[in-house]
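Here is the structure we will look at.
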Amino acid sequence: MIIQLQKNTPPKSGVVLFEVILALVLFSFAAIIIANSFSSSLRSVDRMRNDLDASNLAISTLSEIELGIKPIETSPPTEFEEPFEKWTWQIETTKPNEDLDMRGGLTLVEVIIINEDLGRETRIARMIRPPAEIQSLND
C-alpha cells in the first residue's frame, strides 16, 4: 500500500515581499556608500589640482625672477592675470647671514602664492644672485 502525503504549503507571498524589501535596503546602502566615496574622490582631485596650480604658479614666478623679468625685491601681494585671477603672488627677499652667503651677493628669495577663497598658501624659496652680480663674476 502506498501512502501519499499531501504537502500543505503556506503561501509564500510574505517571504517574497520581505526579500524584495531587504534587497532594496541593501542596494540603497551600497549606493550611498559608493556616492560618498565618489564625492570624496572628487574633493581630493580638486584639492590636488589646486595644489598643483599653486606650485606651478610659484615655480613660474621664481623663474621669472631668475630670468630678470621680475625684480629681486620685496613686493606686496599682486593678482595674477586670467585664468588665475583668484591667486595672488608676493615676493619676500632677505640677505642671508655670512654662513649661508657663499662668495657673497646671494639673496634669499621667497615666493608666496595665496588663494584666499580656498585658504591655500604655497611658498617656495631659493638663494639667487642678482643678474648684475652674475655678470661681474663672469667678467
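Note: hydrogens, waters and symmetry copies are ignored here, and every other heavy atom, side chains too, is used. The structure displayed is predicted, hence computed values, not measured ones.
Here the CG-CD1 distance, from L106 to I128, works out to 9.5 Å after rounding to the nearest 0.5 Å. Between N50 atom CG and L118 atom CG the span is 4.5 Å, to the nearest 0.5 Å. In this structure, CZ in F29 is found 8.0 Å from CG in L26, a value given to the nearest 0.5 Å. Summarising the geometry, atom OG belonging to S60 is positioned 6.5 Å from atom CD belonging to E64; distances are rounded to the nearest 0.5 Å. To the nearest 0.5 Å, atom OG1 of residue T61 and atom CD1 of residue I69 are 10.5 Å apart. The CZ atom of F84 sits 4.5 Å away from the CG atom of D53 when rounded to the nearest 0.5 Å.
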Margin query: One pair to check against side chain to side chain contact (heavy atoms under 4.5 Å, CB included): W89 and K70. What are the steps and the verdict?
Written below: CA-CA 12 Å; W89 60 273; K70 290 188 173 147; 3.7 Å; yes

Note to self: Could you go through V111 and I65, starting from their C-alpha distance and side-chain angles, then the distance that decides it, and tell me whether this counts as side chain to side chain contact (heavy atoms under 4.5 Å, CB included)?
What the structure shows: CA-CA 10 Å; V111 176; I65 293 168; 4.0 Å; yes

Next item on the list: Could you walk me through whether D51 and R120 pass the side chain to side chain contact (heavy atoms under 4.5 Å, CB included) test, one step at a time?
Entry: CA-CA 8 Å; D51 287 344; R120 297 243 183 257; 3.3 Å; yes

Check: What do the steps show when you test I59 against I124 for side chain to side chain contact (heavy atoms under 4.5 Å, CB included), and what is the final call?
Finding: CA-CA 7 Å; I59 291 170; I124 187 169; 3.8 Å; yes

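When all heavy atoms of A54 and I113 are compared, the closest pair comes out as O-CG1, 3.9 Å. The shortest heavy-atom contact between P77 and Q90 is CG-OE1, 3.5 Å. Closest approach of E79 and T88 over heavy atoms only: CG-CG2, 3.9 Å.
Contact check for T107 versus T94: no side-chain heavy atoms found under the 4.5 Å cut-off. Looking only at side-chain heavy atoms (C-beta outward), L62 and R126 come within less than 4.5 Å of each other. Counting heavy atoms from C-beta outward, N115 and K86 have side chains that approach closer than 4.5 Å.
Heavy atoms of other residues, nucleotides or ligands lying less than 6.0 angstrom from CD of E81 number 12 at most. For E92, the CD atom is densely surrounded, since the number of other residues' heavy atoms within 6.0 Å is greater than 12.
Under the 4.0 Å criterion applied to side-chain N and carboxylate O atoms, D46 and R49 are assigned as salt-bridge partners.
With sequence neighbours left out, E121 forms a side-chain contact (heavy atoms from CB on, under 4.5 Å) with I112, I114, R123.
One N or O on the side chain of S41 and one on the backbone of S37 form a donor-acceptor pair closer than 3.5 Å.
Using modelled atom types, one finds a donor on one side chain and an acceptor on the other under 3.5 Å when comparing T93 with T74.
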